[in-house]
Structures are given as C-alpha cells and as structure tokens.
Amino acid sequence: MSKALEMDRASAVMAYDYDVMKEDFAHAGSASSDIKKKCREIGLDKEIIRRIAVMTYEAEINIVIHSEGGVITVMLMSDRIEIWAVDKGPGIEDVELAMTAGYSTAKTSAREMGFGAGMGLPNMKKCCDEFVIESAKGESTRIKMVIRL
Amino acid sequence: MKISELERIEGFRVYAVGDESQVITGLYCSDLLSWVMAKGKAGNAWITVQTHQNVLAVASLLEFSCIILPDGLTMDQAVLDKAVEENIAVVGSDLDAYGIFQVLYEAGLR
C-alpha cells in the first residue's frame, strides 16, 4: 500500500463508516443520502455538499456494481474532508483504462438501469481536490478523495 | 414554476406530491445516471424513462424539483411510496421528452 493510501483516522474530528453490499441495488444511495444529511447538519457550503453527494454516490454505486462489497468512510478533519471507498475486490486490472470517461465493464443488467456509463470514476475525480486510486487484479480497490475546506 | 402548476397542464399527472414549495427552475433529460449526476442542477425537473428506486436517490442528492416520466410511463407502487416517504415529486406525462420541453417552455419555463 502506498503512503498516500494510509487512513489517518486519529486526525479526524468525526468519522463515519458505511457498509455497502454487493449488488444491493435496493439500498444503493442510502449511504450517500445519510452523508449528505450529516453534511447539512454541520453546515457545509451547498456547493461542497453537492460535490460530496456526487463522489459518495458514484463510489457507492461502483461498490454495488463491481465489487464483493466494501466500506465508504467519511472523515471530517480540521482543514478538509476525506472520503474513502475501500472494497473487498476483485480489483481493477487496468486502472488507467477504468479512469477513461465512457469505459465500463458493467453488466447489461446494470446498464439497462442506467448505470455503467463509464462516468463514475471520472465524476469522482472531477469533484474532489485530490484523488488517489490503488487497485490490481485480485486485490481490493482503495480510493481516497479529499475536499479542502 | 411550481409542481402544482404542472398538474394543471393537460396530460400531466402527479404520482407523488413531494415538497410543494419546490420550484422548477430548469429541465434536464437523460437516462444515464452518472451523466445526470455530472450535469444535473438543483431545481431541475428531470425527464427519465428509468422507473426504478435508484432514480429517487439521484433526484434527492441533486435536489431536483421533480422527476417527470414521459410517454405514459409510471412507477411501481412501492417506488412511488418511497418517493412520498422521501418527499420527492414524481409526475407523469403522455408526451415524449420533446413535447414536455415544448409545453414547459410555453408555460413560462425559460
């Protein structure tokens, strides 16, 4: 694991974890909705809340569609918000290709529901100030996203 | 334009009332959810043929004013019940997407 992908939980003022289940389309979006609610409660700026909503929703959907399940962690730090998406595999063979807008490995069933446009990872990257992804075939995918406050 | 004004337009039906204070400030049409996440703006009425539960999360996260189902589509009662629970307005129309844009423009949405 690279140094950029070590979670510094001790520095967090607040931290929340959300379990996301594999292929659980019925609850997909519920973690993002709860995160948005919490962001509102602490009085974050509307535009920052919108960016967080996009990032967490895309991360949540990616875990539902592509992984064996995973966890989304949101940490409020003194100067930033960190959002982590860590799954249980099966990993991404070619991360660079996965980051290409329009590229997707989603199944037909997911595509019919309007998912799998190949925009998830690019959307996540676009909405944050810092984006780090680490993955390999047969391993878990770890994504760190930072929004500076 | 308010959701209640939409209901008065011929051929529109309100399936779930949602937050009645919501104002439609624009119109957006796409069925690719990530595309919508990237391009949708708060206050938009969102035209989509997707009728499953996940569209509610997208509409809520982006603070859309309502979901408009074109071409006479509706949603399963369970999804509509969820929309009511989450205060998201769902409207149906017999018009296609182009027709909906046209009617809303003529009704003053500019």
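Given the structure is predicted, the values throughout are model-derived calculations rather than measurements. All values below come from the heavy atoms of this structure, side chains included, with hydrogens, waters and symmetry mates left out. Just so we're on the same page: letters track the sequence lines, and every chain starts at 1.
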Task: Derivation and outcome, side-chain contact (heavy atoms from CB on, under 4.5 Å), residues Lys36(A) and Glu63(B) - done: CA-CA 11 Å; Lys36(A) 186 182 172 191; Glu63(B) 297 177 15; 2.9 Å; yes
Kindly work out whether a path of hydrophobic side-chain contacts (I/L/V/M/F/W/Y, heavy atoms less than 4.5 Å apart) joins [X] to [Y].
X	Y	answer
Trp46(B)	Trp35(B)	yes
Leu56(B)	Tyr57(A)	yes
Val71(A)	Met7(A)	no
Leu27(B)	Val103(B)	yes

Closest heavy-atom contact between [X] and [Y]?
X	Y	value
Ser34(B)	Gly120(A)	OG-N, 3.9 Å
Ala28(A)	Ala57(B)	O-CB, 4.2 Å
Ala38(B)	Asn123(A)	CB-OD1, 3.2 Å

Around atom [atom1] of [X], are there more than 12 heavy atoms of other residues, nucleotides or ligands at under 6.0 Å?
X	atom1	value
Gln102(B)	CD	yes
Glu41(A)	CD	yes
Lys125(A)	NZ	no
Glu47(A)	CD	yes

Open item on the list: Using a 4.5 angstrom heavy-atom cutoff, name the option from Arg50(A), Met113(A), Met119(A), Arg111(A) with the most pairs to chain B.
Closed with: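 So the answer, after comparing Arg50(A), Met113(A), Met119(A), Arg111(A), is Met113(A).
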Open item on the list: I'd like to know which of Glu58(A), Glu112(A), Lys126(A), Lys46(A) tops the heavy-atom pair count under 4.5 Å against chain B.
Closed with: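 Highest number of heavy-atom pairs under 4.5 Å: Glu58(A).
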As an exercise, state the distance from [atom1] of [X] to [atom2] of [Y], rounded to the nearest 0.5 Å.
X	Y	atom1	atom2	value
Cys127(A)	Met37(B)	SG	CE	8.0 Å
His52(B)	Phe25(A)	NE2	CZ	8.5 Å
Ile52(A)	Leu61(B)	CD1	CG	11.5 Å

- [ ] Taking the side chain as every heavy atom from C-beta outward, state whether Leu62(B) and Val54(A) have any atom pair closer than 4.5 Å.
- [x]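 In short, these two side chains touch, coming nearer than 4.5 Å.
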TODO: Measure distances from Arg40(A) to the heavy atoms of chain B and classify the residue's part below 4.5 Å as side chain, backbone, both or neither.
DONE: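 The side chain, not the backbone.
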Task: Most chain A-contacting option - heavy-atom pairs closer than 4.5 Å, from Asn54(B), Asp31(B), Leu32(B) - done: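 Going by pairs under 4.5 Å, I would pick Asn54(B).
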